[in-house]
Amino acid sequence: MRIPFVAGNWKMHKTAAEAVSLVDALFPQLNTLHTIERVLCPPATALAQVHQVLKGSAIGLGAQNMYSEEAGAYTGEISPLMVKEFCRYVILGHSERRTLFGETDESVNRKTNAALAHDLIPIVCIGETLSENEAGQTANVIIRQVADGLKGIDARLASKIVIAYEPIWAIGTGKAATGQDANQVVARYIRPTLAGIFGSGAAQDIRVLYGGSVKADNATEFFNQPEIDGALVGGASLKAADFIGIAQAAAASQQ
Ligand code: 13P
């Protein structure tokens, strides 16, 4: 059984004070949803303060990115040790990192290995662009991103990995994929590629999330799909009522 997983990627929104206010608004209801894994990913500058608020609760904290080295002359970067001080999770290879900041499958692979080596749970993002989708390249792109991004990882660590399938054309556009189409990408390309790397048993343990214009009113469509284990939420994670609605939909989908 894969435990449902709902994460909010706040992207470059919220000062530390604003982040604490949003966590205060989310906390009472989010804290009651014990049957799902729920994770908040504020900007790096808010991690220390949000960590203080979440301490002792079962609500997880994640960073949105990190570098693969532990320390050194890497201006502007944060290391796995620094993330680990406050977080159990880290988003890696988000499409905005890939398209705007030059991240590649190789850098995502180094970071994923580093995260696992430091006992962090990596949320590895993959997804095709609109033109790749229209050119019938979805399978190739997804299979390559999974295979190259997870190369060399010990199968015993596989169950810690979380994959987020985020078609780039669905991010921030209000045009989500259909639940059925997203499910098919997981069933046909993602899960079989994971099975090729880690074996089919281990591949069954890996949570695969959908991301891209998930809202409280369409979340159930995704959570009802057999291959989709949760959501990585952008815009709707910045509004307490919306994110709580999504998390409640994930909890309800288990019953
Ligand atoms: P939106 O939910 O705003 O489409 O963003 C999705 C996303 O990029 C989450 O990582």
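Only this structure's heavy atoms are used, side chains among them; waters, hydrogens and symmetry mates stay out. In each ligand, atom 1 is the first atom listed, and ligand 1 is the first ligand listed. Being a predicted model, the structure only gives us computed values, none of them experimental.
- Classified by interplanar angle (parallel below 30°, tilted 30° to 60°, perpendicular above 60°), the ring pair Phe5/Tyr89 is perpendicular.
- Remark: the Tyr165 side chain and the Glu128 side chain contain an N/O donor-acceptor pair separated by less than 3.5 Å.
- Only the side chain of Asn9 comes within 4.0 Å of ligand 1, judged by heavy-atom distances.
- Residue contacts with ligand 1: Ala236 is excluded, as none of its non-hydrogen atoms falls under 4.0 Å.
- Nearest non-hydrogen protein atom to atom 3 (O) of ligand 1 is Gly235 N, 2.8 Å.
- The shortest side-chain heavy-atom distance between Leu209 and Ile163 does not fall under the 4.5 Å cut-off.
- The Leu232 neighbourhood of ligand 1 comprises atoms 9 (C), 10 (O), with distances under 4.0 Å to a heavy atom of that residue.
- Interface atoms of ligand 1 facing Gly212, defined by a heavy-atom separation under 4.0 Å, are 4 (O), 6 (C).
- With hydrogens and angles left out, the side-chain atoms of Gln180 and Asn183 include no donor and acceptor closer than 3.5 Å.
- Comment: Glu103 engages Lys111 in a salt bridge, judged by a side-chain N to carboxylate O separation of less than 4.0 angstrom.
- The closest side-chain heavy-atom distance from Asn65 to Phe101 is not below 4.5 Å.
- When the heavy atoms of Gln64, Glu96, Glu166 are ranked by distance to atom 7 (C) of ligand 1, first place goes to Glu166.
- Under a 4.0 angstrom heavy-atom cut-off, Lys215 registers as lying outside contact with ligand 1.
- Of the N and O atoms on the side chains of Trp169 and Glu134, not one donor lies less than 3.5 Å from an acceptor on the other residue.
- Minimum interatomic distance between Ala176 and Gly212 (heavy atoms only, all atoms of both residues): CB-O, 3.5 Å.
- Not a single heavy atom of Gly211 sits less than 4.0 Å from an atom of ligand 1.
- Residue-level proximity to ligand 1 for Ser95 is absent, since no heavy atom of it falls below 4.0 angstrom.
- Those atoms of ligand 1 with a heavy atom of Ala170 less than 4.0 angstrom away are 4 (O).
- Of the protein's non-hydrogen atoms, the one nearest atom 2 (O) of ligand 1 is Gly234 N, 2.9 Å.
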